[in-house]
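Before I ask anything, let me first share the structure, which is written out below as structure tokens.
In this text the structure is predicted, and so the values were computed from the model without any measurement. Numbers restart at 1 for each chain; the letters A, B, ... are given by sequence-line order, proteins then strands.
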Amino acid sequence: MAETHSLQDMRQQPAVAAKVFIQRDYTKGTVCQFQTKFPSELETRIDKQQFEETVQTLNNLYAEAEKLGSQSYIEGCLACLTAYTIFLCMETHYEKVLKNIAKYIQEQNDKIYAPRGLLLTDPIERGLRVIEVTIFEDRS
Amino acid sequence: MTSCEYQQIDPQALPTPTPAPPPHHGNDRDKREEPKRPRRKWQVFPGKNRFYCDGRIMVARQSGVLPLTLGLIVITSGLFFIFDCPFLVKHLTSCIPVIGGGLFVFVVITLLQTSLTDPGILPRATPDEAADIEKQIDNTGNASYRPPPRTKEVLINQQVVKLKYCFSCKMFRPPRTSHCSLCDNCVERFDHHCPWVGNCVGKRNYRFFYTFIVSLSFLTAFIFGCVTTHLALRAQGGKGLVFALQESPGSAVELVICFFSVWSILGLSGFHTYLVASNLTTNEDIKGSWSGKSGEGVTNPYSHKNIFINCCSVLCGPMPPSLIDRRGFLPTDESVQTAGAGIELPALAAKSEINVVGGSSQPASGLPESPSPVPAPPHSHQNSSSV
């Protein structure tokens with residue numbers, strides 16, 4: 001086992017100190033929205049306004065995905081007429097927005113959160129239940 | 001101990017890591033190490049569902065009477081095309097088989113979509129999430145005693161909604177979500193578990209279900225009407241109904257099936273049309289959650305207060321994605337602590353090689369767990385679009 005310990009040290013992988021879960025905000029119904037309340041565990045790591053801005057942007061993106069507008073109605077009616085078989089070949093509006101969200105989270109992680117020893121997990125990987133923020137040990 | 005049966009292996013000289021998992025490597029059984037074919041998430045799915053086509057299709061474990069439903073529809077329509085259509089095309093119009101065929105195709109497609117689609121299953125909470133929720137709840141009991149039901153109250157559109165804690169999925173259920181005991185899953189916007197389609201009806205497949213029952217009522221009514229017309233035309237000229245039935249025995253079977261099903265299916269369609277127009281689920285309607293029985297001023301907080309908008313949002317709203325990602329690959333490392341298992345592995349495998357008799361010289365021999373190795377990338381999270 002001594003071999004593995006030395007390999008681990010060589011890799012300098014930061015260990016996970018804690019995980020914070022931003023829960024869903026159901027006050028607007030069943031639409032996907034996350035609570036913007038700033039968790040106390042992140043106080044030492046990141047600016048409150050920065051974090052709230054990230055969560056608010058995510059909320060706006062999810063609201064756009066679930067928006068009841070003319071585009072979603074046209075997509076829905078067309079799908080109904082084709083006995084919903086177009087879902088097999090076409091990417092839905094929701095899926096397109098989810099891709100944007102994944103890109104946004106990646107970008108936020110690279111620019112803002114990783115330098116501070118934090119990592120945001122895309123909520124879709126947690127079934128849209130929580131935004132998981134992993135806090136890494138401060139090596140400095 | 002004969003030393004000639006095996007030889008000491010130099011760990012540095014090992015070209016590739018071998019597939020044998022070291023017996024003392026206490027990892028979770030679900031995770032496989034790099035060289036093994038990475039498993040897909042559907043293979044470790046905790047609910048009572050069955051998956052086919054490598055996770056593309058899913059059904060509830062109890063298929064219920066889905067084969068019966070499908071059989072009845074196919075047999076009735078088949079008899080219709082064989083016995084009634086030729087006569088009606090000759091005596092009336094050739095539109096009849098066209099309309100019948102169109103309706104039949106529509107019904108079968110929507111039935112299969114209702115049965116084989118993920119109804120909106122919520123994946124269970126990860127252990128970290130569950131621990132976090134437990135921390136937030138005051139838990140004084142020990143593990144063997146089940147504490148009283150935990151609820152959380154939330155205000156939605158000026159209505160107080162109680163969110164219950166699901167003990168199986170270890171999370172607070174979102175509003176309108178219910179745990180189906182037959183499928184052992186929490187399903188979003190849970191309507192009911194339909195044995196006729198062998199699946200739950202929830203957020204993702206409610207529109208398929210609604211389209212199915214509406215088109216089925218049209219089909220049943222259409223066949224019923226056509227069979228009646230056919231028999232009436234045959235019985236003309238004083239020949240009598242018995243004579244007509246003798247000439248076309250299939251029509252008798254269709255008549256019986258359609259007569260008994262048309263009322264129940266029409267009734268069901270009407271009921272679900274009411275539910276769609278008021279943005280209710282069967283579950284809520286049965287429990288009387290928003291009927292105002294429990295007090296004054298209790299209204300449905302999810303309704304848009306407009307029948308047209310309710311219908312549009314339920315039937316034509318955006319199609320939510322499947323949350324369970326059944327075709328995604330299981331990560332080889334769940335948390336960062338076990339990251340770099342790829343680097344750890346050769347050392348551990350090397351260590352085990354020294355202990356295994358003649359193991360390293362034949363890497364693919366006698367390993368009960370490894371299937372034919374497929375060189376897939378170990379850390380892939382492939383979110384392929386799923387129905």
Side-chain angles (χ1 to χ4, degrees), chain A residues 1-4 6-8 10-11 13-16 18-21 23-30 32 65-69 71-80 82-85 87-95 97-99 102 119 122 124-130 132 134 136, chain B residues 11 105-106 108-110 113 117 121-126 128-129 131-133 154-157 161 163 171-172 174-177 188-189 203 207-208 211 215 301-302 304 309 312-313 315-321 323-325 328 335-337 339-340 343-344 347-348 350-351 381 383 385 387:
Chain A
M1 277 305 202
E3 270 180 273
T4 49
S6 64
L7 277 167
Q8 217 166 17
M10 275 161 51
R11 263 181 289 113
Q13 197 77 25
V16 178
K19 283 192 184 185
V20 183
F21 296 97
Q23 300 286 341
R24 283 270 294 270
D25 174 19
Y26 293 117
T27 51
K28 291 192 197 146
T30 51
C32 183
E66 297 186 25
K67 192 175 64 165
L68 294 172
Q71 194 197 352
S72 68
Y73 290 151
I74 291 171
E75 199 181 72
C77 288
L78 190 67
C80 181
T82 60
Y84 303 107
T85 46
F87 286 145
L88 299 168
C89 17
M90 208 179 80
E91 195 184 50
T92 64
H93 173 66
Y94 207 119
E95 283 167 349
V97 178
L98 283 180
K99 284 202 174 139
L119 183 73
D122 195 338
I124 195 74
E125 292 183 27
R126 297 287 177 263
L128 291 182
R129 290 185 307 263
V130 286
E132 187 178 300
T134 315
F136 293 102
Chain B
V105 166
F106 211 79
V108 170
I109 290 179
T110 47
Q113 285 179 326
T117 310
I121 295 175
L122 267 181
R124 297 185 180 195
T126 56
D128 294 320
E129 270 179 75
D132 188 66
I133 294 177
V154 74
L155 201 68
I156 301 177
N157 286 336
V161 177
L163 303 184
M171 60 180 177
F172 278 100
R176 308 190 101 174
T177 303
E188 286 193 297
R189 202 185 185 277
K203 181 158 100 167
R207 63 190 76 193
F208 305 149
T211 319
S215 51
Y302 313 108
H304 300 269
I309 298 180
C312 286
S313 76
L315 301 174
C316 305
M319 182 68 180
L323 297 174
I324 53 178
D325 183 30
S335 62
V336 184
Q337 277 134 349
I343 301 175
E344 266 186 69
L348 283 167
K351 203 169 180 300
H381 291 258
N383 273 320
S385 69
V387 175

- Message: How long is the straight-line distance from CE of Met171(B) back to CZ of Arg24(A), given to the nearest 0.5 Å?
- Response: 10.5 Å

- Check for a donor-acceptor pair, side chain of Gln113(B) on one end and backbone N or O of Tyr84(A) on the other, with a separation under 3.5 Å. yes

- So do the side chains of Phe172(B) and Tyr26(A) get within less than 4.5 Å of each other, counting heavy atoms only? no

- If you count heavy-atom pairs under 4.5 Å between each of Arg176(B), Arg207(B), Arg189(B) and chain A, which one has the most? Arg207(B)

- Is it the backbone or the side chain of Leu163(B) that comes under 4.5 Å from a heavy atom of chain A, or both, or neither? side chain

- Message: Report which part of Ala65(A) has an atom under 4.5 Å of a heavy atom belonging to chain B: side chain, backbone, both, or neither.
- Response: backbone

- Query: chain B heavy atoms under 4.5 Å from Thr27(A): which part of the residue, side chain, backbone, both or neither?
  - Reply: both

- Item | Shortest non-hydrogen contact between Pro318(B) and Leu68(A), atoms and distance | CD-CD2, 3.9 Å

- Query: Quick one: CD on Glu188(B) to OG1 on Thr30(A), what's the gap to the nearest 0.5 Å?
  - Reply: 8.0 Å

- Could you look at Leu78(A) and say if it's the side chain, the backbone, both or neither that has a heavy atom under 4.5 Å from chain B? neither

- Task: Just do the side chain to side chain contact (heavy atoms under 4.5 Å, CB included) check on Ile156(B) and Lys28(A) with the steps written out, would you?
- Result: CA-CA 6 Å; Ile156(B) 301 177; Lys28(A) 291 192 197 146; over 6 Å; no

- Query: In Å and rounded to the nearest 0.5 Å, what is the OH to CE distance from Tyr94(A) to Met319(B)?
  - Reply: 11.5 Å

- For the student: nearest non-hydrogen atoms of Tyr73(A) and Cys312(B), plus distance: CE2-CB, 3.3 Å

- Note on the structure: Cut-off 4.5 Å, heavy atoms of chain A, and the answer for Pro301(B) is neither

- Query: How far apart are the closest heavy atoms of Leu323(B) and Gly127(A), and which atoms are they?
  - Reply: CD1-O, 3.5 Å

- Are the side chain of Arg129(A) and the backbone of Pro123(B) linked by a donor-acceptor contact shorter than 3.5 Å? yes

- Query: With a 4.5 Å limit on heavy-atom distance, are the side chains of Glu129(B) and Val130(A) in contact?
  - Reply: yes

- Query: Measuring from Glu132(A):CD to Asp128(B):CG, what's the distance to the nearest 0.5 Å?
  - Reply: 6.0 Å

- Task: Measure across Phe106(B) and Cys80(A) and return the closest heavy-atom pair with its distance rounded to 0.1 Å.
- Result: CZ-O, 3.2 Å

- Interface moiety of Ile109(B) toward chain A, non-hydrogen atoms closer than 4.5 Å: side chain

- Which atoms of Gln23(A) come close to chain B, meaning under 4.5 Å heavy atom to heavy atom: side chain ones, backbone ones, both, or neither? side chain

- Message: Please identify, among Asn157(B), Ile133(B), Thr211(B), Thr110(B), the residue contributing the most non-hydrogen atom pairs under 4.5 Å to chain A.
- Response: Thr211(B)

